[in-house]
Chemist: 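One structure follows; several queries about it will come next.
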Protein chains: 2
Amino acid sequence: MATRTDAPTRREQILKEAARLFAERGFHGVGVDEIGAAVGISGPGLYRHFAGKDAMLAELLVGISEQLLRGAKRRLAEADGSSAADVLDSLIEGHIDFALDDRPLITLHDRELDRLRDSDRKLVRQLQRQYVELWVGVVREVYPTLTEPTARSAVHSVFGLLNSTPHLGRPGALPGRGVTAVLLHRMARGAFGAAGE
Amino acid sequence: MATRTDAPTRREQILKEAARLFAERGFHGVGVDEIGAAVGISGPGLYRHFAGKDAMLAELLVGISEQLLRGAKRRLAEADGSSAADVLDSLIEGHIDFALDDRPLITLHDRELDRLRDSDRKLVRQLQRQYVELWVGVVREVYPTLTEPTARSAVHSVFGLLNSTPHLGRPGALPGRGVTAVLLHRMARGAFGAAGE
DNA sequence: CCTTCAGGTTAACGACCGCTAACCTCCCTG
DNA sequence: CAGGGAGGTTAGCGGTCGTTAACCTGAAGG
């Protein structure tokens, strides 16, 4: 995978700032003029890059869901010979990386879904469900006593735990990224373990 | 404590419906006309009961924060002779009850705080912080190896876990309220346990 | 029986917001 | 060196939203 070193395109700048603003004040709470100002152009200039405000949100949410699912599938495929427990650790690690590195997106992901057009919302929900079911399968392999509904509830709850990073204080105030990642990982495993007896 | 049997006042009806709507579509996504319609009166009629839309949100958020803190203090006082572990279980139980019974409020609680007037926001934040610090104290008593910042992170994460109930499917789809409460409780204890080694 | 007032109603105002129209200005390319 | 498209600009339209104003009504109280 070629790591990007080139400058971000204007579209990417806009998406990044829009994500931050949407997460801070909600989709309806942010005006197009503000998004424009955040990237140094003025309101209507955005329409050279996006069909509308809705399109920005849609692209953000679809992108997040795809990225999460793609990463999980890759981890599942890569760790083919490993134990189920190792795969679960890999999934947790991937989700934590995402939660710590893209906090605004994590916030949007479960907050602004209802603002999407029907077709986009369906797509996002489908991707999210696939992601959840992938976790459920691995979790049930590690803890075979769990019924499927219980495992699904447990997975959602652990997502709540991992996605709590936006509430852990401003970016710099954490005990350090690595320390936080380890703590979250241990707590997630502990939570699953307690769910599975 | 006298259990209420009398009919809810109009103010209470309004607050309840406003909470539901705000949680569903966000503060800015709901119009006063909709809130009015939800209680059978029309938009401007609300102004006989509240100074404005902001005032409804403020009353909701302050009310939630006060209720959570009051409940926690009561539990701490009641279980005076008990072990720290029992107190922690009581706190977890109280938070779960709240999360399961007032799902819209839980959603609002950490989502719409920034829409408040400065003074209200300060008040809510102060109440929230007191609630967190109360938990941190108990958690550190149960797990003395935890540093204060780590314990605080752990508490926030467990809140994320417990507050995930809105994502667990529509009200009836859960495996049953009691079962869910027990599962959440075990996972919360498991997460704290893993954090404290 | 008249008054008062709580709790509604509809009409309308002013602000804001998403979006379009019309226009401008580089820079690349044949 | 034309010219054309990419990527901006400002002005302004249409709709929505929170709020206020003015008015109505039914029930309680002296």
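Per chain, numbering begins at 1; letters A, B, ... match sequence-line order. All of these numbers come straight from a predicted model, not from anything done at the bench.
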Chemist: Are B/D86 and B/R75 close enough, and set up right, to give a salt bridge (Lys or Arg N to Asp or Glu O under 4.0 Å), and what steps lead you there?
Modeler: CA-CA 10 Å; B/D86 286 345; B/R75 292 182 125 86; over 6 Å; no
Chemist: State whether the side chain of B/R140 and the backbone N or O of B/L146 hold a donor-acceptor pair below 3.5 Å, judged by distance alone.
Modeler: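 Judged by distance alone, yes, a pair lies under 3.5 Å.
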Chemist: With a 4.0 Å cut-off, would you call B/R152 and B/E148 a salt bridge?
Modeler: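 Salt bridge present between B/R152 and B/E148.
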Chemist: Using the heavy-atom set of chain A and a strict 4.0 Å cut-off, write down the first and last nucleotide of DNA chain C that makes it in, 5' to 3'.
Modeler: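 The protein-touched segment is C/dG18 to C/dC23.
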Chemist: Could you name each residue pair satisfying ring-ring contact (aromatic ring centres under 6.0 Å, His included) that touches residues 144-164 of chain B, not counting sequence neighbours?
Modeler: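 Pairs touching residues 144-164 of chain B that pass the test: B/H95-B/F159, B/Y131-B/F159, B/W135-B/F159.
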Chemist: Check for a donor-acceptor pair, side chain of A/R103 on one end and backbone N or O of A/T165 on the other, with a separation under 3.5 Å.
Modeler: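 Indeed, once roles are kept as given, a pair shorter than 3.5 Å links the two residues.
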Chemist: What are the 5'-most and 3'-most nucleotides of DNA chain D lying under 4.0 Å from any heavy atom of chain B?
Modeler: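 Taking any atom under 4.0 Å from a heavy atom of chain B, the span is D/dG18 to D/dC23.
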Chemist: Please identify each residue that fulfils ring-ring contact (aromatic ring centres under 6.0 Å, His included) with A/F192, with sequence neighbours left out.
Modeler: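 Once residues adjacent in sequence are excluded, A/F192 has no partner under the ring-ring contact (aromatic ring centres under 6.0 Å, His included) criterion.
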Chemist: Would you please test B/E133 and B/R129 for salt bridge (Lys or Arg N to Asp or Glu O under 4.0 Å) and show each step?
Modeler: CA-CA 6 Å; B/E133 293 310 314; B/R129 215 191 50 221; 5.7 Å; no
Chemist: Between B/T150 and A/L183, does a side chain to side chain contact (heavy atoms under 4.5 Å, CB included) hold up when you go through it step by step?
Modeler: CA-CA 8 Å; B/T150 303; A/L183 176 66; 4.0 Å; yes
Chemist: Quick check on contacts: within residues 37-49 of chain A, what sits under 4.0 Å from DNA chain D by heavy-atom distance?
Modeler: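 Of all residues in residues 37-49 of chain A, the ones placing a heavy atom under 4.0 Å from DNA chain D are A/I41, A/S42, A/P44, A/G45, A/R48, A/H49.
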Chemist: Out of curiosity, A/H185 NE2 to A/R189 CZ, how far, rounded to the nearest 0.5 Å?
Modeler: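 A/H185 NE2 to A/R189 CZ: 6.0 Å, rounded to 0.5 Å.
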Chemist: Quick one: which residue pairs count as a side-chain hydrogen bond (donor to acceptor under 3.5 Å, both in side chains) with a foot in residues 37-57 of chain A, not counting sequence neighbours?
Modeler: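 Found none.
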